[in-house]
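Step one of this worksheet: look at the structure below.
Lettering follows sequence order; numbering is per chain, from 1. Just so you know, these numbers use all the heavy atoms, side chains as well, and skip hydrogens, waters and symmetry mates.
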Amino acid sequence: MKLNLKAIAKRWQKVWAERKLFEADPLDKPKFFITVPYPYVNGYMHIGHTYTDMRPEAFARYKRMRGFNVLFPFAFHATGTPIESAAKLVAEKDEKQLSIYKDMGFKDEEIARFCDPKNIIKTFVKAARKDINTFGLSVDWRRSFFTTELNPRYSKFIQWQFRKLHKAGYLTKGSHPVVWCHKDNMAVGDHARSEGEGEVPEELTIIKFKADDVIFPCTTTRPETVFGVTNLWINPNLTYVKALVDGETWIVAEEAVPKLEAQKHKVQIVEKHKGEEILRKHVHNPLTNTAIPVFPAVFVTAHTGTGVVMSVPAHAPADFAALEDYKKQDSAARNIVPISLIKVEGFGEIPAAEACKKYNIKDQNDARLEEATREVYSKEFHTGVLLPITGKYQGLSVQNVKQKIISDLVDAKHAVKFYELLNPVVCRCRTRCHVKIVDNQWFLAYGNLQWKEKTHKALANCKLYPEKVRTQFMHVIDWLKDWACARQLGLGTKLPLDKEWVIESLSDSTIYNAYYTIAHHLKNIPVSQLNEAFFDYILLGQGTIDKIKADHNLVEQMKQEFNYWYPVDFRNSGKDLVQNHLSFYLFNHTAIFAEKHWPVGIGVNGYVTLQKMKMSKSKGNVRFMRDLIKLWGPDVVRMSILTNAEELDDADWDDDVAASNSQKLIQWYTFAVDNYGEGDSTKTDIDAWFVSKINACTRDMTCSMDKTLFRTALQRGYFDLQRYFKWYARRRGNILNAEIVKQFIETQTKMLVPFVPHICEEIWMKLQKQMLASTENWPVFDEAAIKPELDAIEDGIAGIVDDISTVVSLSKIEKPVKINIIVAADWKSKLFTLVKDKIKTTRNAGELIKIAMQDVSLKEHGAETAAIIQRIAKDHGKLPATVLHQEVEYQFLKDSTAFLKANFGCEIEVVKEQESKEMKAKQALPGKPAVVVS
RNA sequence: GCAGGGGUGGCAGAGCCUGGUCAAAUGCGCUAGGUUGAGGGCCUAGUCCCUUAGUGGGUGCGAGGGUUCGAAUCCCUUCCCCUGCACCA
């Protein structure tokens, strides 16, 4: 049959829209509110969205069929820098940016309009909405919106939220280090870097070594080793400056000056020197107060810190190697011996020396130094303990004492903290970045302990799909620090208390689920009427209505609607959002809303991969939702993506799977339409068995649907059920029971609705149903119709088919004329039943035999009984799940002779063991009849 | 490094919580046969090794050790893989 899946989809989407099927308003029945993070609209929806959006979609349709009033809204995110930057690049006619849009199929004149970010937003909102509709998502579009000031009503809402956060004390101001590009004059996040992805400002320490009134500020990651400094290093080839830093005279590499300035130090250069000019005989270690020399070393770079480093040859392989090098040219250095200060497992007194030997380090330029350093540092940090030379710190572990030493040094003004990038970071504009301390930064105080506690409570009350992400959530809540929630660039909403700042994109997206409940009404209210009292009254139930300018009837209605829909019952997103968005979502709800409005359920899923590769725009392996739908039609895409993975596993998109699913859907359609109402009215055990399976599959699928385990749900409710049906049809010689086939077709089709609603509607129409498939009730199962004992019979028949095949092929009889099936004697089933019971208490064959011999009928077959017991005691897995009496087994085999005859194309005879003259008859066991082929 | 999730047959992927019925579901792939004008599809059987007119033995669930009558499943150690680590959507 030729079926146009896309045309079918289009037809039913139109019907749903005309009947406003998914426009949800409060009703007198239980509600279920489902949301998904709105996509960022700087491009087309891709396959990743397909997965994350499909889960709530399937859940929404399922819940509707379960009788819930379901609200599933959808909106769009435009906050942040990417759209604005893209518009800027278009304005600058940047080739790369233009070609991105060209590749998407836009014409030059359309692209030209993208110099205005608003046009980018509008274009992609429109495109996304179209894609989502073509995909068949059951969305209430009346409530749709996009973010930023370009939507002033949303901005009003966000500003209200931030005033609330401020009043609650969760919005604070402070300074913090960021990776900064001084050319672009902005913080450079991972995505805006051409090099150095993942690099973050590391906290280093600058320790001040004094020589008269000049300070040699050493940058170090290991301030605890200050006790073991034998000398300082400077690079003789670099340019250093003598400068006034915060009123002190420092010697630092020239490159360090802008970095110091960026970190709140006042720097005034006094004079410049070549490195070799500033070597010294003596500087003073501020902690041990010993005098040490300043030596030259070429491994010192100007990129890290001040360009002045302290040398700890006992614990730093690089220092050790450099010192050895220097000893060759300066006799004064030869007296210097490494000072050990850390005792560490697996090493002797001077770990650095041992490491240099182990890695066969030649000199200070040796590439393997890096590895040697890593090994020593890591060992010392994790297992090292400070020696007596460290005075009051002795006996403490490096790990524990490090922060203490830093704060002691800083308190004593011997040191300052300094942030540095330990590996190069280069901005897209090709400028090398450094760390800047940003002032007056606004934070959401996720570090606030009371807030964390509240959020933990919210998490504890929240159902998670799957439950196993809970530990991760708990860690994230504990781990989150204050979040810089505003920036000076990008689209968004201005911070109400400080109009210089724009609220950053993750921070304006935490409680907007509440906005959906009233969004369609808001469109009819003038922006000027959306004051504080308005939102207070509707969303918090605070204040009185007389302070509100908007129409009071409407406001009352909105308040009711909010209270009807809220809280969110299920919010689904990718697993990458656990550590930010979803946790922020919990935090902010506890800050703004009453406890009854805190989130009820959160769903998390994996990523979508293509050929096991993570999707990435730069690698060019991105597939858009629209292209997939064009290729396969929405139902196939919907089904394929959900059969692919569940829980936190990644779903790998595979066109072969899609092709196979496409075929399966068409087959199901054909089968359902052709067979509905066909068949006879006879009924035997096999019919009862299939009914049992229909009910069992319905039960299992329902259970999985409730847990959003859609893959398992389809496995049980579709793939397994189809397999059972095949067996049923085979057993009935393809002439089916009409009533049962009807039940099968209806149940199966209904259970497919959440996944492939379009083709289900088409089937439903062909079956002459009055209602839409989408509005049908989810099938109920009858527990009483589920009969495991019937499985024993069917397993028995499948088993005998199996055994006969084996025996036939072993017998080398090409064309058997007769097959004898010999059913085990009844005393054997008695024995099996007995052993099955007693084996729980003992596995000793002797004891079991003794017990069995107490039974007269078993004693009669003493030798055989003993032999059988010995065999099954060794491996009681051989016992069948259900032991049937000989008569039952005989009967069902007898009943299936026609079936077996058809299968093997020869005569079939079923006899009881005691009536058989065959030698092999005594091999028969319950559930395992003997087979004789002739 | 820290945190989270994993390592099962040619592949994908169940099983692990609650140990035995697990040589391990199911799907794909592969082999043979059937159906078909051909292809596709569909149907049937097979697909770790050895043995056999059968229901027997061996090896096996990242590696090593332990608990147990018994371990893919529980405990310990170890190796490896994936994800995240922030001001970014």
> If we ignore angles and hydrogens, is there a donor and acceptor under 3.5 Å between the side chains of A:Thr493 and A:Asp508?
Replying inline: no

>> Rounding to an integer number of angstrom, what distance separates B:G39 and B:A32 when you compare their P atoms?
In response: 14 Å

> In chain order, what residues pass the side chain to side chain donor-acceptor pair (under 3.5 Å) check against A:Arg732, with sequence neighbours excluded?
Replying inline: A:Asp680, A:Thr682, A:Asp687

>> Tell me which nucleotide, if any, is Watson-Crick or G-U wobble paired with B:A24 when both distances must be under 3.5 Å.
In response: none

Taking only N/O atoms, report every protein-nucleotides 44-52 of chain B pair under 3.5 Å with atom names and distance.
none

> Given that A:Thr79 and A:Phe381 both sit by RNA chain B, which one's nearest nucleotide is further toward the 5' end?
Replying inline: A:Phe381

>> What's the gap between B:C48 and B:G40 when it is taken at their C1' atoms, as a whole Å value?
In response: 32 Å

> Would you call the rings of A:Tyr728 and A:Phe725 parallel, tilted or perpendicular if under 30° counts as parallel and over 60° as perpendicular?
Replying inline: tilted

>> Distance check needed: B:G56 C1' versus A:Gln923 CD, whole Å only.
In response: 12 Å

> Taking a pair as Watson-Crick or G-U wobble with both distances under 3.5 Å, which nucleotide is matched to B:G41?
Replying inline: B:U35

>> Strictly below 4.0 Å, N to O, side chains only: are A:Lys922 and A:Glu913 in salt-bridge contact?
In response: no

>> I'd like the P distance from B:U18 over to B:C74, given in whole Å.
In response: 9 Å

> Across all strands shown, which nucleotide pairs with B:C17 by Watson-Crick or G-U wobble geometry, both distances under 3.5 Å?
Replying inline: none

>> Can you see whether A:Asp439 engages A:Ser175 through a side-chain donor-acceptor pair at a distance of less than 3.5 angstrom?
In response: no

> For A:Lys928, which residues count as a side-chain contact (heavy atoms from CB on, under 4.5 Å) partner, sequence neighbours excluded?
Replying inline: A:Asp803, A:Leu925

> Between A:Asn661 and A:Ser640, do the side chains contain an N or O donor and an N or O acceptor separated by less than 3.5 Å?
Replying inline: yes

> Does A:Gln667 or A:Asp720 map to a spot on RNA chain B nearer the 5' end, using the closest nucleotide for each?
Replying inline: A:Asp720

> In the structure shown, which nucleotide is the Watson-Crick or G-U wobble counterpart of B:A63, with both distances under 3.5 Å?
Replying inline: B:U77

> Please give, in whole Å, the distance from B:C82 C1' to A:Glu647 CD?
Replying inline: 16 Å

> Got a sec, which residues hit ring-ring contact (aromatic ring centres under 6.0 Å, His included) with A:Tyr465, two or more places apart in sequence or on another chain?
Replying inline: A:Phe59, A:Phe570

>> Between P on B:U26 and CG on A:Leu721, what's the gap in Å once rounded to a whole number?
In response: 15 Å

> Expressed in whole Å, how much space separates the C1' atoms belonging to B:A24 and B:C16?
Replying inline: 13 Å

> Taking only residues two or more places apart in sequence or in another chain, which ones pass salt bridge (Lys or Arg N to Asp or Glu O under 4.0 Å) with A:Asp720?
Replying inline: A:Arg716, A:Arg723

> Over how many whole Å does the gap from A:Leu422 atom CG to B:G1 atom C1' extend?
Replying inline: 13 Å

> Could a donor-acceptor pair under 3.5 angstrom be found where the side chain of A:Asn42 meets the base of B:A89?
Replying inline: no

> Considering Watson-Crick and G-U wobble pairs with both distances under 3.5 Å, what does B:C2 pair with?
Replying inline: B:G84

> Do A:Gln488 and A:Trp501 have side-chain N/O donor and acceptor atoms under 3.5 Å apart?
Replying inline: no

> Taking atom P of B:C43 as reference, at what distance in whole Å does atom CZ of A:Phe725 sit?
Replying inline: 11 Å

What's touching nucleotides 27-29 of chain B from the protein side, N or O pairs under 3.5 Å?
none

>> Rounded to whole Å, how long is the line connecting atom CG of A:Asn734 with atom C1' of B:C42?
In response: 12 Å

> A:Lys920 side chain N/O closer than 4.0 Å to the phosphate oxygens (OP1, OP2) of B:G54?
Replying inline: yes

> Given the P atoms of B:G7 and B:G62, what is the spacing between them in whole Å?
Replying inline: 8 Å

> What interatomic distance, in whole Å, is found between C1' of B:C11 and the corresponding atom of B:G66?
Replying inline: 34 Å

>> Suppose you measure atom C1' in B:A72 against the same atom in B:C28; what distance do you get, rounded to whole Å?
In response: 23 Å

>> Give me the distance, rounded to whole Å, that separates B:C69 from B:U78 when you measure between the P atoms they each carry.
In response: 28 Å

> Ignoring hydrogens and geometry, is there a side-chain-to-backbone donor-acceptor pair from A:Lys693 to A:Tyr724 under 3.5 Å?
Replying inline: no

> Listed by chain and number, what are the side-chain contact (heavy atoms from CB on, under 4.5 Å) partners of A:Lys707, not counting sequence neighbours?
Replying inline: A:Cys703, A:Leu709

Can you check nucleotides 10-17 of chain B for protein contacts, nitrogen or oxygen pairs under 3.5 Å, and list what you find?
from, atom 1, to, atom 2, distance (Å)
B:G13, O3', A:Arg711, NH2, 3.4
B:G13, O2', A:Arg711, NH2, 2.7

> What nucleotide among B:U55, B:A86, B:A89 has an atom nearest to a side-chain atom of A:Leu480?
Replying inline: B:A86

> What is the distance from CH2 of A:Trp483 to C1' of B:G84, rounded to the nearest Å?
Replying inline: 12 Å

>> In whole Å, I'd like the distance from the CG atom of A:Leu489 to the C1' atom of B:A89.
In response: 16 Å

> Quick one: side chain to side chain donor-acceptor pair (under 3.5 Å) partners of A:Glu500, sequence neighbours excluded?
Replying inline: none

> So A:Tyr446 and A:Phe587, would you call those rings parallel, tilted or perpendicular, with 30° and 60° as cut-offs?
Replying inline: tilted

Tabulate atom names and distances for all N/O pairs under 3.5 angstrom spanning the protein and nucleotides 2-4 of chain B.
from, atom 1, to, atom 2, distance (Å)
B:A3, O3', A:His475, ND1, 3.4
B:A3, O3', A:His475, NE2, 3.3
B:G4, O2', A:Gln472, OE1, 3.3

> Which residues pass the salt bridge (Lys or Arg N to Asp or Glu O under 4.0 Å) test with A:Asp498, sequence neighbours left out?
Replying inline: A:Lys173

>> For a quick check, tell me whether the side chain of A:Asp803 and the base of B:G54 share a donor-acceptor pair closer than 3.5 Å.
In response: yes

>> Quick one: does any side-chain atom of A:Glu918 pair with a main-chain N or O of A:Lys920 as donor and acceptor, under 3.5 Å?
In response: no

>> Starting the side chain at C-beta, find the nucleotide from B:G84, B:A89, B:G54 nearest to A:Gln579.
In response: B:G84

> Taking only residues two or more places apart in sequence, or in another chain, which ones meet A:His475 in a side chain to side chain donor-acceptor pair (under 3.5 Å)?
Replying inline: none

> If you check every side-chain atom of A:Trp479, which of B:A89, B:A53, B:C85 has the closest atom?
Replying inline: B:C85

